[in-house]
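Small disclaimer: the values here were computed from a predicted structure and weren't measured.
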There are 2 protein chains.
Amino acid sequence: MANDLMLSGVSEISLDDKGRLGLPARHRQTLRDNGDKGIVITKSIFDACLWIYPASVWVGVSRSLGGLPSNDPFNRSMQRIMMGGAVELDLDGQGRILVPAPLREFAGIRRGAVLLGLNRKFELWSAEAYAAREQEDLKMLREGAGSMGSGAAGLVL
Amino acid sequence: MANDLMLSGVSEISLDDKGRLGLPARHRQTLRDNGDKGIVITKSIFDACLWIYPASVWVGVSRSLGGLPSNDPFNRSMQRIMMGGAVELDLDGQGRILVPAPLREFAGIRRGAVLLGLNRKFELWSAEAYAAREQEDLKMLREGAGSMGSGAAGLVL
DNA sequence: CACTTTTACCCACTATCGCCCACAAGTCTA
DNA sequence: TAGACTTGTGGGCGATAGTGGGTAAAAGTG
């Protein structure tokens, strides 16, 4: 069941010269268990990184996106970036995907990359961008812990 | 029952060259009694240390994290650090776990480490970082006892 | 229609991880 | 006090995951 997916974990991955990215074995396993054969890769609307969805999750996401009223410019921007950037891909025999050049460029990914499991999707960062992002995240968390965002203040970690 | 867990105590542990960490026997026993076979290790959002959750506790934490609205940057940072960092591991035959290299690096752990039981989870520190942290903790407590943090003022210790 | 570029599939190598065995030191018991 | 057991640590080895490269088909372009 797609809603039970719990993707997580950092992986340092290197793309080869052809732009292929090998999905870590544990994630391949998770996707298989979930009945997913394909994945959808698209642009993040928040950061210079890519979002990678299991195909079964993407259908729900794209449905929600498509259902947004398009009189709102923000919605139109979101649709253009996410729907427009979305490419459906299958894994090759070695469990790899070819990340399309425009998307690689969008995220500044050359060779070193970092793949983050985030519940229902993955985020793919260039190694450099991720290192910077991690520092920013930590800074924000450590400075702003007293004024936590919506819903987060009551979390018991 | 996961909510009854009462992990406590400090242990000085040394990781071997492969990055393996042997969980102290008394904690292994506690986890067994609790019906936990796996553990989840992730990054702390507050300090340069790692959080180690029994798998049964983690499911609740990750569900809470995943449910946070992602339009808030603070939430996204939290999700990226905690969900993104989270790796599920099983103990090997000797009751050890292999701490993934990116996480070891995050916490600056090389060989000497300190494991703290904190109710529902563990904190894993590098020996040096923990020594420094302990000094800071004591300093803060002695100087700031009059202005205790949220909820602590009324504590009967 | 021919040529160039890209992509998909196959094979192959190497570093790493997971599992097993082994030992040393400390602790409890008889 | 001595022996047996438990616990913490080290290391070897086989399986496999991660990466690189070649080749043939397909698609795009002039």
Side-chain angles (χ1 to χ4, degrees), chain A residues 7-33 37-41 52 55 86-105 109-117 122 124-127 130, chain B residues 7-33 37-41 50 52 55 85-105 109-117 122 124-127 130:
Chain A
L7 303 168
S8 67
V10 244
S11 319
E12 289 165 7
I13 305 185
S14 62
L15 281 75
D16 61 26
D17 294 342
K18 298 177 182 177
R20 291 177 301 185
L21 172 110
L23 215 55
R26 68 172 185 284
H27 292 138
R28 289 204 297 264
Q29 184 62 43
T30 306
L31 294 180
R32 254 197 308 274
D33 295 348
K37 46 192 180 305
I39 58 104
V40 173
I41 180 166
I52 300 179
V87 178
E88 180 154 17
L89 297 170
D90 289 321
L91 308 190
D92 71 8
Q94 278 76 263
R96 294 183 285 198
I97 53 172
L98 177 69
V99 183
L103 294 181
R104 260 179 291 159
E105 197 176 332
I109 295 172
R110 254 189 111 61
R111 189 167 194 89
V114 175
L115 184 77
L116 290 181
F122 299 102
L124 184 67
W125 294 77
S126 80
Y130 175 72
Chain B
L7 303 168
S8 67
V10 52
S11 321
E12 289 170 9
I13 306 185
S14 63
L15 281 74
D16 63 25
D17 293 342
K18 295 181 180 177
R20 291 178 300 186
L21 172 112
L23 217 54
R26 68 174 186 284
H27 291 138
R28 290 204 296 263
Q29 185 61 43
T30 306
L31 294 180
R32 255 197 309 273
D33 295 347
K37 45 193 179 307
I39 58 105
V40 173
I41 179 165
L50 303 177
I52 300 179
V87 178
E88 180 155 16
L89 297 170
D90 289 321
L91 308 190
D92 71 7
Q94 278 73 258
R96 292 180 288 196
I97 53 172
L98 177 70
V99 183
L103 295 182
R104 260 179 295 161
E105 198 177 330
I109 296 172
R110 249 188 115 61
R111 189 166 194 90
V114 175
L115 185 76
L116 292 178
F122 300 102
L124 184 68
W125 293 76
S126 80
Y130 177 70

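Summarising the geometry, the separation between CG on B:L91 and C1' on C:dC17 is reported as 16 Å, rounded to the nearest angstrom. Rounding to whole angstrom units, CZ of residue B:R32 and P of D:dT6 are separated by 12 Å. Across the protein-nucleic acid pair, B:D16 atom CG and C:dC23 atom C1' stand 15 Å apart, rounded to whole Å. Distance B:I97 CD1 to C:dC19 P: 14 Å, rounded to the nearest Å. Per the geometry, CG belonging to A:L15 stands 15 Å off C1' belonging to C:dT7, to the nearest Å. Between B:E12 atom CD and D:dG8 atom C1' there is a gap of 14 Å when expressed in whole angstrom units. Across the protein-nucleic acid pair, A:L21 atom CG and D:dG20 atom C1' stand 15 Å apart, rounded to whole Å. Per the geometry, CG belonging to B:L89 stands 15 Å off C1' belonging to C:dC19, to the nearest Å.
Each of C:dC21, C:dC11, D:dG8 was ranked by its minimum atom distance to the side chain of B:Q94; first place goes to C:dC21. Across D:dG12, C:dT7, D:dG10, the shortest atom-to-atom separation from the side chain of A:L98 is found for C:dT7. Candidate nucleotides D:dG10, C:dC9, D:dC13 were compared by shortest atom distance to the side chain of A:K18, and C:dC9 ranks first. Closest to the side chain of B:R111, from the set D:dT7, D:dG10, C:dG18, is D:dG10. Listed candidates were D:dG8, D:dG11, C:dG18. Nearest to the side chain of B:D17 is D:dG11.
One N or O on the side chain of A:H27 and one on the backbone of A:S8 form a donor-acceptor pair closer than 3.5 Å.
Put simply, A:S14 has no side-chain N or O that comes within less than 4.0 Å of OP1 or OP2 on D:dG18.
Across all strands, A:L23 comes closer than 4.0 Å only to sugar-phosphate atoms, never to a base (heavy-atom distances). Note on B:R26: nothing from the nucleic acid sits closer than 4.0 angstrom, heavy atoms only.
Between B:I13 and B:V114 the shortest side-chain heavy-atom distance does not fall below 4.5 Å.
Counting non-hydrogen atoms of neighbouring residues, nucleotides and ligands closer than 6.0 angstrom, the CD atom of A:Q29 exceeds 12 such neighbours.
Where B:A101 and B:D92 each meet DNA chain C at their nearest nucleotide, the meeting point lying more 5' is that of B:A101.
For the residue pair B:R104 and B:V99, the shortest heavy atom distance occurs at NE-O, 2.9 Å. Scanning both residues, B:R26 and B:T30, for their nearest heavy atoms gives O-OG1, 2.9 Å.
Within 3.5 Å, a donor on the side chain of B:R96 pairs with an acceptor on the base of D:dG10, or the reverse. No hydrogens or angles were tested; on distance alone, a donor-acceptor pair under 3.5 Å links the side chain of B:R20 to the base of D:dG11.
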